[in-house]
Novice: 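Dumping the structure here so I can ask a few things about it.
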Amino acid sequence: MMQHKRRNFRPKGLAALAGGFALALAMAGCSGGGGDPLASESPSESAAAGGETIVVGSADFPESSTLAEIYAGALNGAGIPAETKLGIGSREVYLPALQDGSIDLIPEYSGALLVGVDPQTTLVDSGEILDALPDALPEGLIILEASDAENKDAMVVTKATAEKYKLESIEDMAKVCDQLILGAPAEFAERAQGLPGLKDKYGCEFKEFTAIGDSGGPLTVDALLNDDVQVADIYTTTPAIEENGLVVLADPLQNWPAQQVVPLASSAALSDEAIDVLNKVSAQLTTEDLIELNQAVSGDQKLDPAEAAKMWLEEKGLA
């Protein structure tokens with residue numbers, strides 16, 4: 001894949017324009033509405049508004065929303081009409097949405113996607129996962145080129161908990177799992193990479209499981225910092241890890257496989273031109289970019305995902 005020198009775009013771009021777009025973003029937010037994001041517009045309304053509009057969905061966490069805005073922004077910048085439907089929900093919700101045409105495209109994570117469509121898979125290598133996905137996906141769905149950017153689930157603890165139990169890895173945690181409460185999304189209880197995987201690979205069975213519905217976001221972090229839970233499932237690119245001095249436990253047995261960001265789409269929805277545009281996005285997206293984008297959206301700047309996406313696209317020459 002194409003390599004490029006990392007450039008820090010936050011000081012010059014994201015921070016400088018945050019205030020200037022505040023009013024515009026507030027007004028734009030009024031049009032988003034509430035309720036079911038999949039019910040905001042019918043396919044016929046979309047077609048009437050702008051022809052073959054590509055609808056880009058996202059899962060219910062900020063990084064996914066930002067990536068969806070990047071995809072839509074790149075497409076619109078190339079003259080291909082696109083719009084977003086954000087915060088759809090978990091994989092169990094948005095995969096059917098792709099299949100029924102409610103959305104056409106969504107950012108995904110390679111390893112988790114493979115496990116989602118093939119729970120029996122044992123693949124953990126990035127290349128093997130990407131090779132296996134096309135045949136494993138439901139009919140009518142395709143993946144495009146994967147990026148170098150990666151974001152994994154991780155078992156995260158506070159520094160105090162790590163010191164108390166001498167934790168550096170999930171293997172260490174397995175020795176004291178029965179003394180710890182885990183906080184994670186409700187789906188974690190059933191997913192192959194969740195509680196079943198931790199039990200199978202590490203023999204880890206927690207004292208208690210607490211379902212927290214913000215996919216490792218502020219509620220999860222607060223529960224961890226307040227010691228309501230002692231372990232939390234938090235994505236590795238989450239700014240709160242560094243901001244709060246949290247400890248990411250190593251995963252030597254690879255309960256979580258490679259997790260490259262990859263566009264997942266309905267094969268009928270994308271032209272060759274659209275695929276080329278999205279592949280160019282993947283060619284430039286890095287893990288460092290994810291961290292910076294998450295800091296811009298979820299950190300002190302509190303940028304709207306659409307504005308953070310716009311700044312990234314301009315920085316990479318893809319606007």
Novice: Kindly say whether A68 contributes a backbone atom to a donor-acceptor pair with the side chain of S58 at under 3.5 angstrom?
Specialist: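 No; zero donor-acceptor contacts below 3.5 Å.
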Novice: Would S90 and E92 count as having a side-chain donor-acceptor pair, cut-off 3.5 Å?
Specialist: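 Short answer, yes.
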Novice: Roughly how far, to the nearest 0.5 Å, is CG of L195 from CZ of R191?
Specialist: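 The distance works out to 12.0 Å.
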Novice: If you group Ile, Leu, Val, Met, Phe, Trp and Tyr by side-chain heavy-atom gaps below 4.5 Å, do I234 and F206 land in one group?
Specialist: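 No, I234 and F206 fall in different hydrophobic clusters.
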Novice: Quick one: does D228's side chain get under 4.5 Å of I181's, heavy atoms only?
Specialist: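 Not in contact.
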Novice: D118 and L123: side chain to side chain contact (heavy atoms under 4.5 Å, CB included), yes or no, with the steps?
Specialist: CA-CA 10 Å; D118 180 12; L123 300 179; over 6 Å; no
Novice: Is any side-chain heavy atom of M155 less than 4.5 Å from a side-chain heavy atom of D233?
Specialist: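 Yes, close enough: below the 4.5 Å cut-off.
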Novice: Donor-acceptor pair, distance only, cut-off 3.5 Å: does the side chain of Y202 make one with the backbone of L253?
Specialist: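 Judged by distance alone, yes, a pair lies under 3.5 Å.
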Novice: Quick one, Q179 and Y165 - any side-chain contact, counting heavy atoms below 4.5 Å?
Specialist: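 A side-chain contact under 4.5 Å exists here.
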Novice: Passes salt bridge (Lys or Arg N to Asp or Glu O under 4.0 Å), K152 versus D251? Steps please.
Specialist: CA-CA 11 Å; K152 291 187 177 186; D251 179 21; 5.7 Å; no
Novice: Is the shortest side-chain heavy-atom distance between L270 and L278 below 4.5 Å?
Specialist: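 The answer is yes, as the side chains (C-beta and beyond) meet within the 4.5 Å cut-off.
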Novice: Write down the atom of S147, the atom of Q260, and the distance for their closest heavy-atom approach.
Specialist: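 Heavy atoms of S147 and Q260 come nearest at O-NE2, 2.9 Å.
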Novice: So, the side chain of N76 versus the backbone of A82: is there a donor-acceptor pair under 3.5 Å, distance only?
Specialist: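 Pair found, side chain donor or acceptor close to backbone of A82.
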Novice: More than 12 foreign heavy atoms under 6.0 Å from NZ of K201: is that the case here?
Specialist: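 Yes, enclosed.
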Novice: For N151 and E63, which I'm curious about, is there any donor-acceptor pair between the side chains at under 3.5 Å?
Specialist: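 Yes, E63 and N151 have a side-chain donor paired with an acceptor closer than 3.5 Å.
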Novice: I'd like to know if I212 and F209 are part of one continuous hydrophobic network [Ile/Leu/Val/Met/Phe/Trp/Tyr, side-chain heavy atoms within less than 4.5 Å].
Specialist: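 No: no chain of side-chain contacts under 4.5 Å links F209 to I212.
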Novice: May I ask you to test the S282-P263 pair for a side-chain heavy-atom distance under 4.5 Å?
Specialist: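 The answer is yes, as the side chains (C-beta and beyond) meet within the 4.5 Å cut-off.
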Novice: Looking at CD1 of I54 and CD1 of I103, how far apart are the two atoms once the value is rounded to the nearest 0.5 Å?
Specialist: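 Separation between the atoms: 12.5 Å.
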Novice: Where do Q259 and Q193 land on the side chain to side chain contact (heavy atoms under 4.5 Å, CB included) test, with the steps shown first?
Specialist: CA-CA 12 Å; Q259 301 286 17; Q193 297 165 293; 3.4 Å; yes
Novice: CE/M173 to CG/L182 distance, rounded to the nearest 0.5 angstrom?
Specialist: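 Rounded to the nearest 0.5 Å, the CE-CG separation comes to 7.5 Å.
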Novice: Would a single hydrophobic cluster contain both V176 and L246, if residues Ile, Leu, Val, Met, Phe, Trp and Tyr are joined by side-chain heavy-atom contacts under 4.5 Å?
Specialist: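 Different hydrophobic clusters.
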Novice: Check whether any side-chain N or O of N226 sits under 3.5 Å from a backbone N or O of D222 as a donor-acceptor pair, and report yes or no.
Specialist: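 Here the side-chain-to-backbone pair exists.
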Novice: Quick one: pull up CG in L144 and OH in Y71 and give me the separation to the nearest 0.5 Å.
Specialist: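 That separation rounds to 8.0 Å.
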Novice: Are V221 and V248 in one and the same hydrophobic cluster, where Ile, Leu, Val, Met, Phe, Trp and Tyr link if side-chain heavy atoms are under 4.5 Å apart?
Specialist: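 V221 clusters together with V248.
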Novice: Using distance alone, with no hydrogens and no angle criterion, decide if T286 and D289 have a side-chain donor and acceptor under 3.5 Å apart.
Specialist: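 Judged by distance alone, the side chains do pair up.
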Novice: Would you say the side-chain atoms of D104 and S266 include a donor-acceptor pair closer than 3.5 Å?
Specialist: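 No, no side-chain donor-acceptor pair sits under 3.5 Å.
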Novice: Using the ring of each side chain (for Trp, its six-membered ring), is F188 parallel, tilted or perpendicular to W256, with breaks at 30° and 60°?
Specialist: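 Plane angle between 30° and 60°, so tilted.
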Novice: Does a sphere of radius 6.0 Å around CD in E168 hold more than 12 heavy atoms from other residues, nucleotides or ligands, not counting ones at 6.0 Å or beyond?
Specialist: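 For E168, atom CD is not crowded (no more than 12 foreign heavy atoms under 6.0 Å).
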Novice: Is the side chain of T158 donor-acceptor paired with the backbone N or O of T161 at a distance under 3.5 Å, no angle test?
Specialist: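 Pair found, side chain donor or acceptor close to backbone of T161.
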Novice: Is there a donor-acceptor contact under 3.5 Å from the side chain of D135 to the main chain of A132?
Specialist: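 Side chain of D135 to backbone of A132, a donor-acceptor pair under 3.5 Å: no, none is there.
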Novice: Could you label the plane-to-plane angle of the Y235 and Y109 rings as parallel, tilted or perpendicular, counting under 30° as parallel and over 60° as perpendicular?
Specialist: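 The rings of Y235 and Y109 lie parallel, inter-plane angle below 30°.
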Novice: What are the two closest heavy atoms between G245 and K159, and how far apart are they?
Specialist: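 Closest pair (atom of G245, atom of K159, distance): O-CB, 4.0 Å.
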Novice: What are the two closest heavy atoms between L264 and L98, and how far apart are they?
Specialist: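 Between these two residues, the closest heavy atoms are CD2-CD1, 3.5 Å.
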Novice: Check for me, please, whether L67 and I291 land in the same ILVMFWY cluster - side-chain distances under 4.5 Å, paths through other members count.
Specialist: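 L67 and I291: separate clusters.
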Novice: Which atom names give the shortest non-hydrogen contact between L130 and I143, and what distance separates them?
Specialist: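 Closest pair (atom of L130, atom of I143, distance): O-CD1, 4.1 Å.
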Novice: Show, in sequence, the C-alpha distance, side-chain angles and deciding distance for T238 and S298, and conclude whether the side chain to side chain contact (heavy atoms under 4.5 Å, CB included) test is met.
Specialist: CA-CA 8 Å; T238 301; S298 302; over 6 Å; no
Novice: Ignoring hydrogens, what is the shortest heavy-atom contact between P138 and Q99? Give both atom names and the distance.
Specialist: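 Result for this residue pair: CB-NE2, 3.2 Å.
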Novice: For N279 and E145, indicate whether the former's side chain and the latter's backbone hold a donor-acceptor pair under 3.5 Å.
Specialist: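 A pair under 3.5 Å: yes.
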Novice: Output the distance between atom CD (E171) and atom CG (L249), rounded to the nearest 0.5 Å.
Specialist: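 Interatomic distance, E171 CD to L249 CG, rounded to 0.5 Å: 11.0 Å.
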Novice: Answer yes or no: is there a side-chain heavy-atom contact under 4.5 Å between V117 and L95?
Specialist: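 With C-beta onward as the side chain, the pair touches.
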Novice: For the CD1 atom of I142 and the CG atom of L105, what is their distance to the nearest 0.5 Å?
Specialist: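 Nearest 0.5 Å value for the CD1-CG distance: 9.5 Å.
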Novice: Examine the side chains of T84 and E69 and answer whether a donor and an acceptor come within less than 3.5 Å of each other.
Specialist: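 Short answer, yes.
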Novice: Go through it in stages, so that I can follow the logic: the residues are V56 and E83, the test is side chain to side chain contact (heavy atoms under 4.5 Å, CB included), and I'd like the CA-CA distance, side-chain angles, deciding distance and then a yes or no.
Specialist: CA-CA 6 Å; V56 188; E83 62 186 26; over 6 Å; no
Novice: Ignoring hydrogens, what is the shortest heavy-atom contact between L224 and V231? Give both atom names and the distance.
Specialist: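 Closest heavy-atom pair between L224 and V231: CD1-N, 3.8 Å.
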Novice: With heavy-atom distances below 4.5 Å as the criterion, would you say the side chains of K316 and K280 are in contact?
Specialist: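 The answer is no, as the side chains (C-beta and beyond) never meet within the 4.5 Å cut-off.
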Novice: Check whether any side-chain heavy atom of T287 lies under 4.5 Å from a side-chain heavy atom of D148, and answer yes or no.
Specialist: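 When only atoms from C-beta onward are counted, D148 and T287 do not touch, as no gap falls below 4.5 Å.
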